[in-house]
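Worksheet for the structure shown next.
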Amino acid sequence: MLTLMKQEYYKTFKQNRLYIWLGLSVIFPLAIMGIFKSQRGAGSITDLGHATFYVYLVGIIITALSVSQEFSFGTIRPLLSRRFSRGMIFTSKLILNFSIYITLFVGAFIGTMIGQLIFAPKFDFSERISYAGNGWQTMGITVMGTLFQMIFVAALVLLITNLVKSSGAAIGLGVVMIVGTPILSSISILLINMAPILKWNPFNIFIGMASYGQASPSVIKSMVHMSQGTVVIAYLVYIFVMYAIAYLIFKKRSV
């Protein structure tokens with residue numbers, strides 16, 4: 001497995017220029033805070049200089065490409081010829097993608113801390129600034145919330161990538177999930193109004209997890225019509241089902 005992971009990282013650095021994406025994760029919050037004076041307050045700093053959007057987008061792109069390029073470049077053939085099972089290959093993709101998400105967040109955090117020291121030196125992380133708590137707590141909740149959303153969308157992206165054999169379609173869907181949250185919320189409300197049982201639709205669960213820690217349990221319940229605990233359980237079930245289906249499709253794809 002270690003050999004397989006080394007190959008995965010090598011391919012990602014060579015094919016997708018991962019070092020550029022990681023470098024930009026540091027530069028992005030610095031640029032935002034440096035260029036826009038209005039983005040030097042608590043909201044921007046705890047959102048990693050709005051680099052959570054960048055991390056989200058790059059994470060989805062890397063996720064889609066990690067599978068589609070395996071088949072388009074034909075690199076899966078030598079892997080299978082070395083007796084790596086498809087299960088091991090798929091697992092290596094998940095480990096690769098998750099580690100990239102974390103590294104992108106670390107880069108964005110470093111860039112944000114540098115930007116805060118240069119452009120907002122008087123900002124006090126110990127002051128309470130939101131429902132989540134002080135600056136550090138709010139930043140932590142923001143990062144964890146974004147990561148949970150990425151894992152959910154990544155499962156959907158992997159499923160679509162394997163199903164239609166196109167990274168473009170999967171990336172497009174991922175972008176819609178990122179920027180179209182108000183639209184998804186409207187669709188979810190419409191579905192729930194049509195039939196209460198449709199509160200279990202994936203859009204509603206996604207919105208519930210996106211709001212986790214950002215709003216009180218009562219507010220979340222009024223939004224998604226279920227408790228926080230129920231949202232978490234439904235989220236985990238969806239994650240398991242989507243990744244399982246993505247793997248089954250990956251397992252049956254011809255090389």
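Index from 1, following the sequence.
Atom NZ of K199 is surrounded by more than 12 heavy atoms from other residues, nucleotides or ligands within 6.0 Å. Applying the 6.0 Å contact sphere to CG of L117 captures more than 12 heavy atoms from other residues, nucleotides or ligands.
A distance of 12.0 Å separates CD1 of I207 from CD1 of I220, quoted to the nearest 0.5 Å. Distance OG1/T46 to CZ/F125: 8.5 Å, rounded to 0.5 Å.
A donor-acceptor distance shorter than 3.5 angstrom exists from the side chain of T91 to the backbone of G87, with no hydrogens or angles considered. The backbone N or O of G145 lies less than 3.5 Å from a partner atom in the side chain of Q149, making a donor-acceptor pair. Between the side chain of S44 and the backbone N or O of Q39, at least one donor-acceptor pair lies under 3.5 Å. Here the side chain of R40 pairs no donor or acceptor atom with the backbone of G115 at under 3.5 angstrom.
Cluster membership check: I141 does not share its hydrophobic cluster with F152, using side-chain heavy-atom separations under 4.5 Å among Ile, Leu, Val, Met, Phe, Trp and Tyr.
Side-chain contact of D47 with T142: a donor-acceptor pair under 3.5 Å is absent, judged by distance alone.
Between I45 and A120, the shortest heavy-atom contact is CD1-CB, 3.9 Å. Of all heavy-atom pairs spanning W200 and A234, the tightest one is CZ3-CB, 4.0 Å. What you find for M150 and V55 is that their closest heavy atoms are CE-O, 3.5 Å. Of all heavy-atom pairs between S126 and N134, the closest is O-CB, 3.4 Å.
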- Message: side chain to side chain contact (heavy atoms under 4.5 Å, CB included), that's the test. Do M242 and Y247 meet it? Break it down for me.
- Response: CA-CA 9 Å; M242 288 192 292; Y247 167 67; over 6 Å; no
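If you look at F240 and Y238, their ring centroids are not closer than 6.0 Å.
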